[in-house]
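Computed from a predicted model, the values in this text were never measured in an experiment. Convention: sequence-line order gives letters A, B, ...; per-chain numbering from 1.
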2 protein chains.
Amino acid sequence: MPKKGRREEILAIACRLFSQKGYHGTTIRDISEACGILAGSLYAHINTKEDLLFEITNRGADAFLQSLAPIVESRVTAKQKLKQAVRAHIQVVEANLEAATVFFHEWKALTGERFEQIQEKRDQYEGMWSAILAEGVQEGIFQLQDEKFARLLILSVGNWIYQWYRPDGGLSAEEIADRFVALMLHGFVR
Amino acid sequence: MPKKGRREEILAIACRLFSQKGYHGTTIRDISEACGILAGSLYAHINTKEDLLFEITNRGADAFLQSLAPIVESRVTAKQKLKQAVRAHIQVVEANLEAATVFFHEWKALTGERFEQIQEKRDQYEGMWSAILAEGVQEGIFQLQDEKFARLLILSVGNWIYQWYRPDGGLSAEEIADRFVALMLHGFVR
DNA sequence: CTTTAAAACAAGCGCTTGTTTGTTTTTATC
DNA sequence: GATAAAAACAAACAAGCGCTTGTTTTAAAG
């Protein structure tokens, strides 16, 4: 455990539990017990349980956005952007597997304005992917006909990775990304 | 509402609520209220709350399995099987959108033996997809090199559909399936 | 040592959870 | 219209929920 302070430790523990049992399936006492303190003591560090969920998902969202933004804005071909974007996405999942799981699986448990904030960031992220594909179509590299489905296909892969990716799989994030990109670009028919 | 009996009505209502708010996020009183009865009255029809979740996910699992089984066993090319399998999968999602959502999103809330039962059926389903791909490799239609990733790609698309598919989208399940298959087989590069 | 602030405890608040029990109402059958 | 089964009610149970409050312990700084 790094010396990031008690609050970060609590966040990490909550993140782990949320990813394992879900937000509603995790109690404040589950978290406090995993922290080695009593339930009430948690409230010296947090305001509400939902604060934990929001901070986890919000950081997750920012990680994905900050990872993709420079790629979208860079001046390379759309094909290269696609490759780099898939790499970046998988790297974020790899580096924050539990947070990514909470981000993709539990964000709908947020309420009110916080729900909308995360929803906006998700839309923003999807929009960046759409931009890459649209650019590829404009460049004539990608076929337009199925643009919508290409986007869905890519996001399906990206959004499902947290379900199966395990750090002890042997392949690096780059290798995984490159194989996916190869498949997506050229298909898997001989 | 059809005359399927009160229990089926309760299952349908629970299914809708579970898909909207999650299993742990839905209370017995939520369900009973949506049924127009008191919480205690539910227990004339069910034994436990988890019974509802199990019955929903188990039926969902069976729907996917029964839909895919005849395709895997049929005597057509692997390419045709793939096409039919994607069609079948999307049709099941289309015909049971809420149940499919619960199946994919909430099944981990099951406990003990029931968790394992659903896990087995999921493994079985994935195994059928693997069989189709392996067959395609054997026939020389698909490239082996990335078989694992092809399987992951297909299952990612299949397992993520419930997140975005809406019945009022304009396209039929067949049309959606055919476009995905075309993309997966040949990629989206010019 | 003393001071001070952070961290944890101890106890419990009001409320909700899933579920049970005994009784009453509804519905269908003869 | 009596009988019986099915369905709902009414009331509550023990347990657990998120969270608050007042006090004590811990630990670092002078």
If I take atom [atom1] in residue [X] and atom [atom2] in nucleotide [N], what distance separates them, rounded to the nearest angstrom?
{"X": "B/Leu42", "N": "D/dC9", "atom1": "CG", "atom2": "P", "result": "10 Å"}
{"X": "A/Arg6", "N": "C/dA5", "atom1": "CZ", "atom2": "C1'", "result": "17 Å"}
{"X": "A/Glu33", "N": "D/dG16", "atom1": "CD", "atom2": "C1'", "result": "14 Å"}
{"X": "A/Leu38", "N": "C/dC9", "atom1": "CG", "atom2": "P", "result": "4 Å"}
{"X": "A/His24", "N": "D/dG18", "atom1": "NE2", "atom2": "P", "result": "10 Å"}

Test of understanding: with salt bridge (charged side-chain N to carboxylate O under 4.0 Å, His left out), list the residues that count as partners of B/Lys79, not counting sequence neighbours.
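Result, salt bridge (charged side-chain N to carboxylate O under 4.0 Å, His left out) vs B/Lys79: none returned.
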Whether A/His89 and A/Phe104 hold their rings parallel, tilted or perpendicular, with breakpoints at 30° and 60°:
tilted
If the cut-off is 4.0 Å, is B/His45 near the phosphate of D/dA6, judged by side-chain N/O to OP1 or OP2?
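B/His45 to D/dA6 OP1/OP2: no side-chain N or O under 4.0 Å.
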May I ask you to say whether [X] pairs ionically with [Y], meaning some side-chain N is under 4.0 Å from a carboxylate O?
{"X": "A/Arg59", "Y": "A/Glu55", "value": "yes"}
{"X": "A/Asp51", "Y": "A/Arg114", "value": "yes"}
{"X": "A/Lys49", "Y": "A/Glu106", "value": "no"}
{"X": "A/Lys81", "Y": "A/Glu139", "value": "no"}

Nucleotide N/O of nucleotides 19-24 of chain D paired with protein N/O under 3.5 Å:
{"residue": "D/dC19", "atom": "OP2", "partner": "A/Tyr43", "partner atom": "OH", "Å": "2.7"}
{"residue": "D/dC19", "atom": "OP2", "partner": "A/Lys49", "partner atom": "N", "Å": "2.8"}
{"residue": "D/dC19", "atom": "O5'", "partner": "A/Tyr43", "partner atom": "OH", "Å": "3.3"}

So, do A/Arg7 and A/Ile46 sit near enough that their side-chain heavy atoms are less than 4.5 Å apart?
yes
Using five pairs at either end of the helix from C/dC1-D/dG30 to C/dC30-D/dG1, determine the angle between the two local helix axes and round it to 10 degrees.
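Inter-axis angle at the termini of the helix from C/dC1-D/dG30 to C/dC30-D/dG1: 10°.
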On the six-membered ring of A/Phe188, is B/Arg151 placed so that its NZ or CZ lies under 6.0 angstrom from the centre and within 45° of the ring axis?
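The answer is no; the distance or angle limit is not met.
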Counting any heavy atom closer than 4.0 Å, what does A/Thr26 reach on the DNA or RNA strands: base, sugar-phosphate only, or nothing?
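A/Thr26: backbone/sugar contact only, no base atoms under 4.0 Å.
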